[in-house]
Protein chains: 2
Amino acid sequence: MKTETITAAWRGHPDCRTCGVRHLALFSDLNESDFRTFHLPIEDLAFPKGASLFSQGEPGRAVFTVRAGVVKMVHQRADGAQRIVRLHRTGAAVGLEATLGASYQHDAVALQPVLACKIPVETLNRLAMETPRLHRQLMRQWHETVIQADAWLTALAVGTARQRVAQLFLYLLDTAPGPVCHFFRRDEVAAILGITTETASRTVAELKREDVIFHVSARWFRCDRDRLQKIVEN
Amino acid sequence: MKTETITAAWRGHPDCRTCGVRHLALFSDLNESDFRTFHLPIEDLAFPKGASLFSQGEPGRAVFTVRAGVVKMVHQRADGAQRIVRLHRTGAAVGLEATLGASYQHDAVALQPVLACKIPVETLNRLAMETPRLHRQLMRQWHETVIQADAWLTALAVGTARQRVAQLFLYLLDTAPGPVCHFFRRDEVAAILGITTETASRTVAELKREDVIFHVSARWFRCDRDRLQKIVEN
DNA sequence: CGTGTACTTGAATTACATCAAATGATGTGG
DNA sequence: CCACATCATTTGATGTAATTCAAGTACACG
């Protein structure tokens with residue numbers, strides 16, 4: 001039994017000014033003079049699949065900006081069960097509670113290889129003192145988080161297992177360029193939708209048999225959006 | 001058939017400096033000089049039970065601070081069904097998305113008679129330009145909202161109907177001083193827990209028969225915390 | 001090429017939804 | 001203040017969907 005912790009690779013200190021996803025992220029509104037004010041260490045990190053950015057209960061010392069990949073936010077329950085409460089994708093800020101001096105509320109785990117910038121709270125708070133432009137972006141990220149939380153509840157936590165699975169596919173397709181999307185392990189599907197692994201498996205298998213989804217490769221499916229839409233509509 | 005809209009009573013322009021719940025609310029960190037900068041209209045309003053502070057989709061022009069009572073946030077689904085996604089109590093800020101120029105994401109409805117201050121976004125944004133102290137409180141409110149959203153999902157959207165109802169009682173007892181708490185209409189219980197009205201009714205009736213809860217008066221119950229706790233633990 | 005993990009499937013059981021109807025509260029106008 | 005209307009709650013009977021327990025199969029990875 002190997003309980004080796006998966007670690008992130010350090011990729012240096014990034015130049016935020018030339019960041020490809022800056023327009024999506026926390027620093028999008030900052031200008032030249034804003035950037036000159038911080039030489040505090042921002043780290044560019046690469047997390048392999050399964051690595052954790054931080055863990056539930058840990059004191060929050062940094063906010064992470066996702067530059068590539070998907071991060072799942074996992075809530076650990078007292079009884080050992082776990083529920084995935086959100087996904088954060090490119091441009092999202094993860095661990096915002098750190099700016100308020102709070103502990104992290106969830107485990108943040110890389111679902112795919114993730115590139116993320118780690119911004120210490122001191123950097124963020126100092127910067128926030130000096131520029132209101134950052135505040136607006138922070139609020140925008142909070143807003144995004146709330147919208148996601150609500151969508152999760154209203155779209156993925158109601159209806160039959162079949163409808164929920166269809167909704168999950170549509171949710172994932174939403175940010176995909178084509179009809180192909182990454183999908184989850186069946187136990188992750190269960191943790192997202194609040195159903196059992198068996199029901200998740202049965203439902204996905206059923207959709208495969210009906211040719212609503214097509215298994216392209218490990219964890220990737222090509223999907224029929226229209227038919228998925230019809231399923232969620234009952 | 002009367003479709004008369006329930007309206008709020010206007011109670012004047014409040015003096016925030018002497019507000020009884022200021023320590024809980026958005027303006028808790030503001031000082032004398034901050035207060036001098038705004039003479040913009042903040043309204044003190046009284047909403048009767050069932051009145052709506054704002055509606056889903058409406059352009060967000062104000063943030064509301066709840067000074068008394070409880071506000072339910074209702075998500076209207078395309079199929080006409082509705083789901084209660086959050087409750088906001090004394091000290092909470094409702095409609096924060098307005099500060100970002102967004103439309104309201106839910107209906108905000110007074111569950112009990114509600115006292116609330118209506119703060120126009122212009123006031124808030126102007127004030128936010130001038131004082132970073134307000135920012136911290138705005139972020140705190142966002143954080144609260146996210147914590148609630150997550151709690152709703154992890155506590156109230158999993159398990160059997162019996163467990164969910166028990167969790168709902170515990171959730172309501174959490175902010176109650178004694179063992180007595182306000183409870184919901186059965187159709188509201190259904191909208192919160194994602195079950196049917198009949199199942200909600202059956203479950204509540206069952207708990208009454210088992211003396212876990214005791215019907216004190218219309219919509220108020222005395223509860224046995226320990227036994228509720230045992231129910232959620234299975 | 002084997003081994004463990006992920007996925008699938010089956011059968012029995014339970015929980016919930018659904019349809020339908022009766023009873024209990026609450027409030028309003030005569 | 002009563003009678004009636006309306007809303008809220010409870011309960012029953014029945015069907016369906018999901019869980020549970022238990023095997024089995026496919027698949028990726030070293």
Side-chain angles (χ1 to χ4, degrees), chain A residues 1-4 6 48-50 79 81-84 111-112 156-168 182-210 212-221 231-232 234, chain B residues 1-4 6 48-50 79-84 111-112 156-168 182-210 213-221 231-232 234:
Chain A
M1 178 179 167
K2 46 178 177 182
T3 39
E4 204 177 321
I6 307 166
K49 194 178 75 166
D79 61 7
Q82 50 183 44
R83 181 113 199 224
I84 299 173
L111 212 86
Q112 306 158 0
L156 302 178
V158 282
T160 63
R162 188 177 163 83
Q163 290 172 316
R164 295 190 199 190
V165 170
Q167 285 278 13
L168 181 55
H182 174 270
F183 202 60
F184 299 90
R185 274 187 281 119
R186 300 299 171 268
D187 63 332
E188 287 175 320
V189 175
I192 291 169
L193 302 179
I195 58 181
T196 58
T197 310
E198 292 93 330
T199 302
S201 173
R202 264 184 258 270
T203 310
V204 172
E206 190 182 294
L207 292 176
K208 276 198 288 192
R209 277 192 292 270
E210 295 171 6
V212 177
I213 58 176
F214 179 81
H215 190 192
V216 180
S217 68
R219 250 144 255 163
W220 287 87
F221 285 88
I231 289 170
V232 306
N234 228 339
Chain B
M1 180 179 163
K2 47 178 176 182
T3 40
E4 205 177 318
I6 307 168
K49 194 178 77 168
D79 62 6
Q82 49 183 46
R83 182 113 198 222
I84 299 174
L111 211 86
Q112 306 159 357
L156 302 178
V158 282
T160 64
R162 188 176 163 82
Q163 290 173 316
R164 295 191 199 191
V165 170
Q167 286 274 194
L168 181 55
H182 174 270
F183 202 61
F184 299 89
R185 275 188 280 118
R186 301 299 171 268
D187 62 333
E188 287 176 321
V189 175
I192 291 170
L193 302 180
I195 57 181
T196 59
T197 309
E198 293 93 330
T199 302
S201 174
R202 263 184 257 272
T203 311
V204 171
E206 191 181 294
L207 293 176
K208 278 199 287 192
R209 277 192 293 272
E210 295 171 7
I213 59 176
F214 178 81
H215 189 197
V216 180
S217 68
R219 251 145 252 161
W220 288 87
F221 285 88
I231 289 170
V232 306
N234 228 339

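In what follows, chains carry the letters A, B, and so on, assigned in the order in which the sequence lines appear, proteins first and then strands, with residues in each chain numbered from 1.
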Here the gap from B:Ile192 atom CD1 to B:Gln82 atom CD, rounded to the nearest 0.5 Å, amounts to 11.0 Å
Judged by nearest nucleotide, the residue sitting upstream toward the 5' end of DNA chain D, B:Arg219 or B:Arg202, is B:Arg219
note: B:Arg164, atom CZ; C:dA15, atom P; distance rounded to Å ~ 14 Å
Taken to the nearest whole Å, CZ/B:Arg162 to P/C:dC16 is 10 Å
Separation of D:dA18 atom P from B:Gln163 atom CD, nearest Å, is 18 Å
Per-helix bend value, the helix from C:dC1-D:dG30 to C:dG30-D:dC1, C1' rotation axes over five pairs per end, 10° rounding, shows 50°
Would you say B:Thr203 and B:Val189 make side-chain contact, with heavy atoms under 4.5 Å?
no
Here the residues of residues 184-199 of chain B within 4.0 Å heavy-atom distance, strictly under, of DNA chain C are B:Ile195, B:Thr196, B:Glu198, B:Thr199
Applying side-chain contact (heavy atoms from CB on, under 4.5 Å) to A:His215 and not counting sequence neighbours gives A:Lys208, A:Phe221
Residues passing the salt bridge (charged side-chain N to carboxylate O under 4.0 Å, His left out) test with B:Arg162, sequence neighbours excluded, are B:Glu206, B:Glu210
Check: For C:dT8, does either OP1 or OP2 sit under 4.0 Å from a side-chain N or O belonging to A:Lys208?
Finding: yes
- Task: Let me see the working for B:Val204 and B:Phe183 under side chain to side chain contact (heavy atoms under 4.5 Å, CB included), right down to the final yes or no.
- Result: CA-CA 10 Å; B:Val204 171; B:Phe183 202 61; 4.0 Å; yes
B:Lys49 atom NZ is separated from C:dT26 atom P, nearest whole Å, by 10 Å
### Task
Please work out if A:Arg209 contacts a base, only the sugar-phosphate, or nothing of the nucleic acid, heavy-atom cut-off 4.0 Å.
sugar-phosphate
Rounded to the nearest 0.5 Å, the CG atom of B:Asp79 sits from the CG atom of A:Asn234 at a distance of 8.5 Å
All heavy atoms of A:Arg164 vs all of A:Val158, minimum pair found to be CG-O, 3.4 Å
Atom CD of B:Glu206 and atom C1' of D:dT10 are separated, to the nearest Å, by 13 Å
Contact class for B:Thr160 vs. all strands (heavy atom < 4.0 Å): base, sugar-phosphate, or nothing?
sugar-phosphate
Salt bridge (charged side-chain N to carboxylate O under 4.0 Å, His left out) filter on B:Arg185, not counting sequence neighbours, yields B:Asp187, B:Glu188
Using atom types as modelled, flag every donor-acceptor pair under 3.5 Å from a side chain in residues 193-202 of chain B to any protein atom, sequence neighbours excluded.
residue  : atom : partner  : partner atom : Å
B:Thr196 : OG1  : B:Thr199 : N            : 3.3
B:Thr196 : OG1  : B:Thr199 : OG1          : 2.9

